[in-house]
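All chains are named by letter (A, B, ...) in the order of the sequence lines, taking the proteins before the strands, and each is independently numbered beginning at 1.
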Amino acid sequence: MATRNTKLLWRDSFLCTVLTLVVSGIFLLIFVNLSVLDPFYRAFKDFSFTDIYYSTLINDEAVFKDVIIVNVKQSDRFTIAQAIEKVQEQYPKVIGLDVVFRDLKNPFVDSILKKTLHKHSNIVTSYFLENDSVISNHNDFKSDKDIEGFINMNLPNQDAVVRDFIGVKDAELYSFATQLALESGKLKEENLLKLKDRIPINYKGNQSSFLSFDIDELLELESIPAMQNAIVVFGYLGTPTGNKFDIEDKLFTPLNEKYVGRSTPDMYGVVIHANIVKMLSSNNFVKKAPKVLIYCIAIICCFLTVMFGMRLYRKSSLAYDVLIKFIQLVISIVLVYLALKLLKLNIYVFITPILVLTLFGLEMIDFYVYLVDYLKKRFKWDSYLLD
Amino acid sequence: MGQLSFRLILFFCCIQFVFSQDTLYIYKAKGMSLLEIGENQSTLKKGALIVAKDVVKVLSNAEFTAIDNFGNTYLINIEGTYGLKHLQNFKVKQNTSNFTASYFKHIWQELRNKSNKKALIAGVFRGETLMTFPTDESKIASSKITFEWDLEEGEKLYYIFVKNVITKEILKIETNGSHLALYDDNPIFFDNDTFEWTVTTDAFPNVDNIPFFSFKLIDRNIYEELKKEFADFIQDLETLGHSEKEIELILCKSYGLCK
């Protein structure tokens with residue numbers, strides 16, 4: 001009798017898991033395709049449970065000096081050229097310009113900037129891809145020795161929240177951060193292969209985690225020994241530096257205090273580049289669990305929780321109804337905890353499918369009971385859940 | 001075997017030397033601290049390097065934060081003279097709260113809906129102006145121009161900007177109090193009589209985006225002329241028993257006409 005029950009339990013758990021997969025698949029299709037439900041889909045699409053790690057739980061207060069940021073504010077090209085020269089005097093490993101000088105403005109000032117850019121071979125300039133066209137510095141600022149990197153953050157399939165990046169696109173286009181890490185000699189060749197796929201950014205912190213200078217402040221200083229052998233990135237950090245109301249070149253990241261719902265962008269683009277450079281140069285990558293593995297784990301978790309739920313249902317349907325919400329809460333807390341713990345160990349697991357299928361599987365037991373009840377009446381179907 | 005042991009010891013000594021914290025870099029500095037390298041002395045500024053043989057003098061009301069190669073931070077905010085080894089005693093303790101404890105604390109706060117609820121206002125807050133004197137559009141008939149401002153909690157240093165409205169020339173002064181006096185023989189006051197001033201706690205503010213109060217330097221004759229416009233008011237104040245000094249003060253505070 002016990003063996004028969006066990007067999008029935010396994011069969012019912014399997015069938016309920018299949019039902020869960022089918023129904024959740026249908027729901028997903030409805031969410032994706034029905035425009036009336038689009039806001040819900042969009043709201044959930046941009047949410048990741050692992051954001052809690054960066055926004056709330058990360059407490060690393062380290063400050064890094066190997067990647068230094070210079071805030072160009074609204075400075076003119078002459079000031080920027082002067083600042084580049086000033087930085088070059090400190091013997092940095094490489095200088096990155098997260099600024100695109102698309103047009104010519106003033107012939108005299110442009111000629112000074114051009115001379116500065118052509119004079120040094122350790123400058124990485126930036127460009128971006130838009131609608132199949134490349135937007136980069138004006139040809140006058142370019143030379144044969146140019147080292148360029150793309151600064152796009154929203155490459156296909158990426159959300160508004162910058163969680164990951166592509167370091168190498170189409171085998172030959174390198175991102176700005178990749179170029180900086182390569183030129184500094186800190187990115188290992190074998191790691192370059194990893195950058196062809198989207199990989200999560202291992203954020204170290206916001207602006208305060210990096211040594212940064214205001215361009216005016218930089219020009220006032222006589223010497224800056226900290227810049228020796230450092231990677232110096234010129235970009236925009238607000239006017240004045242760190243102005244929280246300035247959202248030019250500011251993006252959403254998992255570090256946003258408000259990780260769900262509406263909020264304001266939290267990190268300047270140049271700080272995102274600095275985080276990526278830091279990750280690449282210290283070979284501190286986050287390993288991303290393959291999708292196949294995640295969906296296999298999701299199905300197994302769904303199956304096991306359904307089995308547990310059915311056993312509880314069989315013992316007492318009242319206890320099941322009373323306890324099910326509490327069990328779901330505990331399961332979600334534990335699963336998110338495990339995902340965050342793995343992230344702390346630099347392993348990124350996309351927990352949403354596991355969480356959704358596991359919780360949904362428990363919800364589906366009630367519907368499955370109705371289904372087998374109907375099947376029993378119609379086809380004399382045996383079930384673990386029916387006496 | 002003995003040779004191997006010797007090599008191992010030598011190797012570990014080298015490792016120790018390589019990873020020892022023999023340098024610090026300045027992350028941020030407030031106030032005046034001095035760096036002595038041999039016989040040379042210079043002001044300690046952001047990005048500066050401190051090595052083993054250097055000596056740092058931290059003057060009163062000054063502080064600086066230094067970082068080492070591993071990202072550790074050191075906050076030095078006590079007046080004194082320090083060598084590198086002493087500075088390393090000021091290491092800021094990292095927040096080492098347990099990850100699991102932090103997570104469950106966060107979950108508990110979420111369940112209790114104990115999130116930080118800030119006041120939500122639909123208006124522009126302009127409470128950050130510290131300037132108290134001279135008030136906006138003041139006229140000052142004095143060779144001594146005293147600037148006064150409110151102090152902000154936790155801020156030790158203030159930056160006064162005096163701008164010549166015609167030449168756009170700006171005089172910037174760092175100070176640690178709530179007032180500062182300048183005399184009209186200061187070069188900034190040459191060539192013009194109308195100026196603007198502001199005070200901030202930020203050493204490098206965007207001067208195009210912060211409020212300034214304007215003031216005009218006038219001579220005694222103009223002061224007396226302008227004072228006549230308030231003759232009735234002055235008479236009322238005299239009737240109420242105010243002294244001449246008190247009346248001048250009221251005119252200055254209320255109408256920006258100062259002597």
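A search for side-chain hydrogen bond (donor to acceptor under 3.5 Å, both in side chains) contacts involving B/Lys30 returns B/Glu155, not counting sequence neighbours. For B/Asn164, the side-chain hydrogen bond (donor to acceptor under 3.5 Å, both in side chains) partners two or more places apart in sequence, or in a different chain, are B/Thr167, B/Asn192.
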For residues 330-342 of chain A, which side-chain N or O atoms pair as donor and acceptor with protein atoms under 3.5 Å away, sequence neighbours left out?
unit_1: A/Ser332; atom_1: OG; unit_2: A/Gln328; atom_2: O; d: 2.9
unit_1: A/Ser332; atom_1: OG; unit_2: A/Leu329; atom_2: O; d: 2.9
unit_1: A/Tyr337; atom_1: OH; unit_2: B/Thr100; atom_2: OG1; d: 2.6

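Between chain B and the residues A/Asp66, A/Ile68, A/Leu218, A/Ile224, the most heavy-atom pairs under 4.5 angstrom are made by A/Ile224. Highest contact tally toward chain B, considering only A/Glu217, A/Gln90, A/Lys73, A/Met227, is held by A/Glu217 [criterion: heavy-atom pairs under 4.5 Å]. Comparing B/Lys46, B/Lys28, B/Lys105 by heavy-atom pairs within less than 4.5 Å of chain A, the highest count is held by B/Lys46.
Crowding of A/Tyr91 atom OH: a count of heavy atoms from other residues, nucleotides or ligands under 6.0 Å not exceeding 12. The 12-atom threshold is exceeded at CD of B/Glu174, counting heavy atoms of other residues, nucleotides or ligands nearer than 6.0 Å. Sparse packing is recorded around CD1 of A/Ile247, with 12 or fewer heavy atoms of other residues, nucleotides or ligands lying under 6.0 Å away. Few gaps surround CD on A/Glu89; more than 12 heavy atoms of other groups in view lie less than 6.0 Å from it. The local environment of NZ in B/Lys172 is crowded, with over 12 non-hydrogen atoms from other residues, nucleotides or ligands closer than 6.0 Å.
Within residues 77-84 of chain A, no residue has any heavy atom less than 4.5 Å from a heavy atom of chain B.
In this structure, B/Thr43 OG1 and A/Leu221 CG are separated by 10.5 Å, a value rounded to the nearest 0.5 Å. Here the CG-CG distance, from B/Asp202 to A/Asn243, works out to 9.5 Å after rounding to the nearest 0.5 Å.
In terms of heavy-atom proximity, B/Gly47 sits nearest to A/Pro225 at O-CD, 3.1 Å. Of all the heavy atoms in B/Ile26 and A/Leu211, the pair that sits closest is O-CD1, 3.8 Å.
Panel note: side chain B/Tyr27, backbone A/Ser208; a donor-acceptor pair is recorded below 3.5 Å.
Only the side chain of A/Tyr53 has a heavy atom closer than 4.5 Å to any heavy atom of chain B. Proximity to chain B (any heavy atom under 4.5 Å) is shown, for A/Phe245, by neither the backbone nor the side chain.
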